[in-house]
Amino acid sequence: MVNVINEILIKYDLTQKQLSQKVYMSQRQLIRIKKGESRPGNKFITGLKNAFPEIDLNELIENIK
């Protein structure tokens with residue numbers, strides 16, 4: 001999941017704070033997901049898909065496993 005988050009940050013030139021706002025979660029929770037301390041839930045996946053519809057949902061889910 002770290003790779004996916006980093007790719008999004010770089011590709012869209014976003015800060016972690018901006019990304020967390022786009023997916024409607026706290027920056028703290030995003031950092032925990034990025035560090036692997038927390039697993040992303042449906043809210044995060046749905047938020048990413050809504051904010052970035054071009055992202056392949058299947059690839060995203062594969063990166064969670």
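Quick note: residue numbers are just sequence positions, from 1.
- With a 4.5 Å cut-off on side-chain heavy atoms, Ile33 and Met25 count as touching.
- Residues Leu48 and Leu19 meet the side-chain proximity criterion, which asks for heavy atoms closer than 4.5 Å.
- At least one side-chain heavy atom of Phe44 sits less than 4.5 Å from a side-chain heavy atom of Leu30.
- Between the Lys22 side chain and the Gly47 main chain, no donor and acceptor come within less than 3.5 Å of each other.
- For the 3.5 Å distance criterion, the side chains of Lys34 and Asn6 qualify, holding a donor opposite an acceptor.
- When side chains are defined from C-beta on, Gln16 counts as touching Ile31, because their heavy atoms get closer than 4.5 Å.
- With hydrogens and angles left out, the side-chain atoms of Ser38 and Gln29 include a donor and acceptor closer than 3.5 Å.
- Not a single donor-acceptor pair under 3.5 Å links the side chain of Thr46 to the backbone N or O of Lys43.
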Evaluate side chain to side chain contact (heavy atoms under 4.5 Å, CB included) for Val23 paired with Asn50, printing each intermediate quantity in order.
CA-CA 8 Å; Val23 297; Asn50 289 336; over 6 Å; no

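- Between the NZ atom of Lys35 and the CD1 atom of Ile5 there is a distance of 12.0 Å, given to the nearest 0.5 Å.
- Atom CG of Leu9 sits about 9.0 Å away from atom CD of Gln18, to the nearest 0.5 Å.
- More than 12 heavy-atom neighbours from other residues, nucleotides or ligands sit within 6.0 angstrom of CG on Asp56.
- Residue Glu7 holds its CD atom at 10.5 Å from OH of Tyr12, rounded to the nearest 0.5 Å.
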